[in-house]
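Everything below concerns the one structure shown next.
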Amino acid sequence: MGRITRRSLTVAAAGALAATVTAGDALAEGRGGGHRPEFRGMWLATVANRDWPSRPGLPAEQQRAELLGFLDTAVSRRLNAVVFQVRPTADALWPSPYEPWAECLTGVQGKDPGWDPLGTAVREAHRRGLELHAWFNPYRIANHTDPARLIPTHPARVHPEWVVPYGGKLYYNPGLPEVRRFVQDAMLDAVARYDIDAVHWDDYFYPYPVAGQVFDDDAAYERHGAGFPDRAAWRRNNIDRLVYETAVRVRRLKRRVRFGISPFGVWRNQATDPLGSATTAGVQTYDDLYADTRGWVRRGWLDYVVPQVYWNIGFAAADYAVLVPWWSEAVRGTGVNLYVGEALYKAGDPAQPAPWQDPAELSRHLTFDRDFPQVRGNVYFSAKEVAADRNGAMARVVADHYPYRVRPPR
């Protein structure tokens with residue numbers, strides 16, 4: 001697996017795959033006031049109806065109206081991109097030939113909602129000068145462990161050997177080459193059908209560790225793990241191959257579509273690896289999720305990375321003011337754009353510590369970011385909070401930092 005740059009890509013993978021691709025032009029959008037392009041995004045989550053639809057089973061017109069309301073909110077906040085979750089649990093928000101209609105739409109997995117949410121989102125976002133990044137979760141099948149609750153034609157029921165129950169959920173097994181191919185095919189169907197601006201993944205690869213439970217991939221490891229020093233190295237290679245192969249296939253399919261990933265904010269703690277950050281986080285993506293996020297950046301496999309730096313400035317275990325410089329250094333010289341994921345959902349939440357009660361905390365993050373030219377924007381979790389703005393933190397960000405709409409970087 002070689003290097004993929006943003007400008008060109010030369011690949012020879014698994015003995016057959018070779019292609020050279022040039023990146024497309026930027027989405028046309030006014031700069032405003034001569035400001036340089038920057039990414040101003042919000043995540044629009046659909047899993048368990050987190051942001052949208054407000055509940056399953058709404059009439060199609062009401063679903064559509066809610067969706068357009070969120071796009072209008074993005075415009076009113078002077079954002080320029082919406083990261084729309086279109087494959088929340090191995091199901092689809094478009095008429096996919098690979099997977100059933102998403103349960104979050106109608107309350108019944110596989111039931112046609114009577115309209116095309118992804119097609120509508122792309123068209124209406126572009127009408128408003130917004131980019132639409134299609135957000136996929138590669139391996140999560142269900143937020144329960146009962147395959148019988150999936151429709152009979154669900155791929156996880158047709159291929160039960162692909163499925164691993166863990167931590168109260170069902171996952172596809174990343175160690176199976178046939179799974180890796182299938183999930184790529186399912187996601188890339190949306191790239192082929194729609195004028196999306198990017199393929200976007202979140203932080204779920206191998207699942208977050210659950211105390212006292214074992215992710216049972218013994219059979220896959222026995223079949224495919226030869227030549228690796230240990231299971232951890234094999235698992236990381238499985239995820240590396242998923243990332244690399246997807247990057248190649250996206251660029252071969254549509255040159256202008258970008259590929260970005262939003263990982264958990266800590267790659268490794270410095271105590272574990274001298275290259276890691278000066279943090280003491282309880283999760284390290286390299287070791288616990290088998291996701292070498294820094295490696296993907298350094299090899300140029302991504303167009304952008306959005307680390308979820310979901311902590312306040314001064315938080316001892318994982319300080320925002322420590323992690324932003326670390327990620328800035330990680331992307332330096334790679335051509336990979338760095339956007340910082342922001343925990344807007346914490347702002348004004350009474351369960352959060354004192355810094356999150358201050359409406360100026362998020363604005364201070366963006367002020368801090370100005371000292372790091374590698375930071376090309378910020379993304380807010382998530383749309384419901386962008387709209388409701390519990391303690392005025394989002395309004396403060398807009399007032400302090402977003403005087404004009406600008407176009408996203410390319």
Side-chain angles (χ1 to χ4, degrees), residues 43-60 63-64 66-68 70-71 82-125 132-144 147 149-159 162-163 169-172 174 178-202 204 242 246 249-250 253-254 257 259-262 382-383:
W43 281 287
L44 178 55
T46 60
V47 64
N49 298 89
R50 201 275 176 196
D51 293 326
W52 178 86
S54 58
R55 60 179 175 84
L58 294 175
Q63 290 185 1
R64 185 177 186 277
E66 287 186 358
L67 178 60
L68 299 189
F70 278 119
L71 300 182
V82 173
V83 184
F84 183 35
Q85 190 174 34
V86 299
R87 186 179 184 263
T89 49
D91 49 18
L93 271 75
W94 75 96
S96 168
Y98 294 93
E99 295 177 309
W101 280 106
E103 184 177 357
C104 65
L105 296 171
T106 63
V108 179
Q109 188 176 68
K111 183 178 179 181
D112 189 333
W115 68 300
D116 181 355
L118 176 53
T120 300
V122 171
R123 182 175 61 254
E124 294 295 333
L132 196 290
H133 292 220
W135 166 16
F136 306 86
N137 187 288
Y139 291 122
R140 182 174 57 211
I141 299 171
N143 289 320
H144 58 74
R149 290 173 58 183
L150 306 174
I151 64 170
T153 56
H154 195 291
R157 292 190 67 178
V158 176
H159 299 282
W162 290 2
V163 180
K169 301 180 181 182
L170 295 175
Y171 297 92
Y172 285 126
E178 56 270 34
V179 163
R180 189 169 69 247
R181 181 72 187 192
F182 171 78
V183 299
Q184 289 177 44
D185 289 345
M187 293 183 285
L188 290 168
D189 179 67
V191 180
R193 287 170 177 251
Y194 300 99
D195 186 26
I196 64 172
D197 295 287
V199 169
H200 180 101
W201 291 353
D202 54 23
Y204 292 92
L242 177 76
T246 301
R249 293 184 66 184
V250 167
L253 188 59
K254 288 187 178 177
V257 175
F259 181 35
I261 294 179
S262 177
S382 63

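For this chain, numbers begin at 1 and follow the sequence in order.
Here the CD1-OH distance, from Ile141 to Tyr139, works out to 11.5 Å after rounding to the nearest 0.5 Å. Taking OG1 of Thr120 as the start and CZ of Arg64 as the end, the distance is 5.5 Å to the nearest 0.5 Å. The distance from atom CZ of Arg123 to atom CG of Leu132, rounded to the nearest 0.5 Å, is 11.0 Å. Note that CD1 of Ile151 is 9.0 Å distant from CZ of Arg157, once rounded to the nearest 0.5 Å.
Between Val163 and Ala156 the shortest heavy-atom distance is CG2-O, 3.5 Å. Smallest separation of non-hydrogen atoms from Leu67 and Ala121: CD2-CB, 4.1 Å. Of all non-hydrogen atoms in Ala134 and Ile196, the two that sit nearest each other are CB-CD1, 3.8 Å. Of all heavy-atom pairs spanning Pro152 and Val158, the tightest one is O-CG2, 4.1 Å. Heavy-atom minimum distance, Val257 versus Val250: O-CG1, 3.6 Å. Between Asp51 and Ala383, the shortest heavy-atom distance links the atoms OD2-N, 3.5 Å.
Listed by chain and number, the residues in a side-chain hydrogen bond (donor to acceptor under 3.5 Å, both in side chains) with Ser262 are Gln308 (sequence neighbours excluded). In terms of the side-chain contact (heavy atoms from CB on, under 4.5 Å) criterion, residue partners of Arg149 (sequence neighbours excluded) are, by chain and number, His144, Asp146. Tyr171 is linked by a ring-ring contact (aromatic ring centres under 6.0 Å, His included) to nothing, counting only residues two or more places apart in sequence or in another chain. Applying the salt bridge (Lys or Arg N to Asp or Glu O under 4.0 Å) test to Asp116 and every residue at least two apart in sequence or in another chain returns nothing. Shown here are the side-chain hydrogen bond (donor to acceptor under 3.5 Å, both in side chains) partners of Trp94, two or more places apart in sequence or in another chain: Asp189.
In this structure, the ring of Trp43 has its center no less than 6.0 angstrom from the ring center of Phe84.
Listed for the Asp91 side chain is no donor-acceptor partner under 3.5 Å among the backbone atoms of Pro100. Between the Lys254 side chain and the Tyr194 main chain, a donor and an acceptor come within less than 3.5 Å of each other. At least one donor-acceptor pair under 3.5 Å links the side chain of Gln63 to the backbone N or O of Leu105. The closest donor-acceptor contact from the side chain of Arg55 to the backbone of Asn49 lies at 3.5 Å or more, if one exists at all. For Gln109 (side chain) and Ala102 (main-chain N/O), no donor-acceptor pair under 3.5 Å exists by modelled atom type. The main-chain N or O of Pro88 is found under 3.5 Å from a side-chain atom of Arg140 such that the two form a donor-acceptor pair. Side chain of Gln85 to main chain of Phe136: no donor-acceptor pair is present (N/O by atom type, distance under 3.5 Å, no hydrogens or angles).
Inter-residue side-chain proximity for Val183 and Leu242 is flagged as met; some heavy-atom pair is nearer than 4.5 Å. Two residues are said to be in side-chain contact when any heavy atoms from C-beta on lie closer than 4.5 Å; Ile261 and His200 fail this criterion.
Salt bridge Asp185/Arg180: absent, no basic N to carboxylate O contact under 4.0 Å.
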side-chain hydrogen bond (donor to acceptor under 3.5 Å, both in side chains) between Asn137 and Trp201: does it pass, once the steps are laid out? CA-CA 6 Å; Asn137 187 288; Trp201 291 353; over 6 Å; no
The test is side chain to side chain contact (heavy atoms under 4.5 Å, CB included); show your working for Val82 and His133 and say whether it passes. CA-CA 6 Å; Val82 173; His133 292 220; over 6 Å; no
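A side-chain N or O of Arg50 and one of Ser382 form a donor-acceptor pair less than 3.5 Å apart.
The side-chain contact (heavy atoms from CB on, under 4.5 Å) test with Thr89 singles out one residue from Val47, Leu170, Thr46, and that residue is Val47.
Residue pairs satisfying the side chain to side chain donor-acceptor pair (under 3.5 Å) criterion with at least one member in residues 96-108, sequence neighbours excluded, are listed as follows: Arg87-Glu99.
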